[in-house]
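Structure, as structure tokens:
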Amino acid sequence: MMRKWILSLILHALALLLIAQVFDRFYLEGFTTALLASFVLSILNVIVKPILVVLTLPITILTLGLFLLIINAITLYFTQAIIGPSFVIDGFPVAIVAAILLAAMQVIINRLIKDK
């Protein structure tokens, strides 16, 4: 269980680094910062994201779940605020596109580390 979580953190850090390579306005200082961002993002996904989902449930239902991408972008922004200048997302549209890419990569990562 712990090994899968650590592997998931490392793979998500690599996904964040890949997103940083694709976008100039998404900056990560290095792998250590990406690993820290992955850790902070996982904590925020457990604690803050469920609260945001409950608070925005009506708009999420009206948009047929697409508002969850906005919530993912907000958690990325929170992660940026916690980590500081070594992790910078320059603009909310970049955060939304990064959240979409990260969600797609999370599907792949979860299938790779899933129990067989």
Working for side-chain contact (heavy atoms from CB on, under 4.5 Å), residues Ile10 and Phe31: CA-CA 9 Å; Ile10 292 170; Phe31 181 73; 4.2 Å; yes
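- You'll find the side chain of Leu16 reaches within 4.5 Å of the side chain of Phe26, heavy atoms only.
- Taking each heavy atom of Ala98 and Ile19 in turn, the nearest pair found is O-CD1, 3.7 Å.
- Of all the heavy atoms in Phe87 and Ile89, the pair that sits closest is CZ-CD1, 3.9 Å.
- Val22 and Val88 fall into different hydrophobic clusters, where Ile, Leu, Val, Met, Phe, Trp and Tyr side chains are chained together by heavy-atom contacts under 4.5 Å.
- A donor-acceptor distance shorter than 3.5 angstrom exists from the side chain of Thr79 to the backbone of Thr75, with no hydrogens or angles considered.
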side-chain contact (heavy atoms from CB on, under 4.5 Å) between Asn72 and Leu76, intermediate numbers included: CA-CA 6 Å; Asn72 288 342; Leu76 272 175; over 6 Å; no
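- Looking at heavy atoms from C-beta onward, Thr32 lies out of side-chain contact with Leu36 at the 4.5 angstrom threshold.
- With rounding to the nearest 0.5 Å, the separation of CZ in Phe92 from CD1 in Ile96 is 4.5 Å.
- A chain of hydrophobic side-chain contacts below 4.5 Å, direct or via other Ile, Leu, Val, Met, Phe, Trp or Tyr residues, connects Ile47 to Leu52.
- Applying the under-4.5 Å side-chain rule to Ile, Leu, Val, Met, Phe, Trp and Tyr, the cluster around Ile51 extends to Leu55.
- The CD atom of Gln21 sits 7.0 Å away from atom CG of Leu17, with the distance rounded to the nearest 0.5 Å.
- Separation of atoms CD (Gln106) and CG (Leu101) is listed at 11.0 Å; rounding is to 0.5 Å.
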Please evaluate residues Ile83 and Thr33 with respect to the criterion side-chain contact (heavy atoms from CB on, under 4.5 Å), reporting the C-alpha separation (whole Å), side-chain torsions for both, the decisive distance (0.1 Å), and the verdict. CA-CA 8 Å; Ile83 292 179; Thr33 304; 4.1 Å; yes
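- Looking at heavy atoms from C-beta onward, Ile70 lies out of side-chain contact with Thr56 at the 4.5 angstrom threshold.
- Closest of all the heavy-atom pairs between Pro50 and Val46 is CG-O, 3.4 Å.
- Scanning all heavy atoms of the two residues, the minimum distance from Ala73 to Ala99 falls at N-CB, 3.7 Å.
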Take Leu41 and Phe78 through the test side-chain contact (heavy atoms from CB on, under 4.5 Å) and record every step on the way to the result. CA-CA 8 Å; Leu41 194 57; Phe78 284 162; over 6 Å; no
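- Listed for the Ser38 side chain is a donor-acceptor partner under 3.5 Å among the backbone atoms of Leu9.
- Linking ILVMFWY residues whenever their side-chain heavy atoms come closer than 4.5 Å, directly or via other members, places Ile113 and Ile6 in the same cluster.
- Leu57 and Leu66 are members of different hydrophobic clusters when ILVMFWY side chains are connected at heavy-atom separations under 4.5 Å.
- Arg25 approaches Gly91 most closely through the heavy-atom pair NH2-CA, 3.9 Å.
- By the 6.0 Å contact criterion, OH on Tyr27 is enclosed, its count of non-hydrogen atoms from other residues, nucleotides or ligands being greater than 12.
- With rounding to the nearest 0.5 Å, the separation of CD1 in Ile82 from OH in Tyr77 is 15.0 Å.
- Note: Gln80 CD to Ser86 OG = 10.0 Å, rounded to the nearest 0.5 Å.
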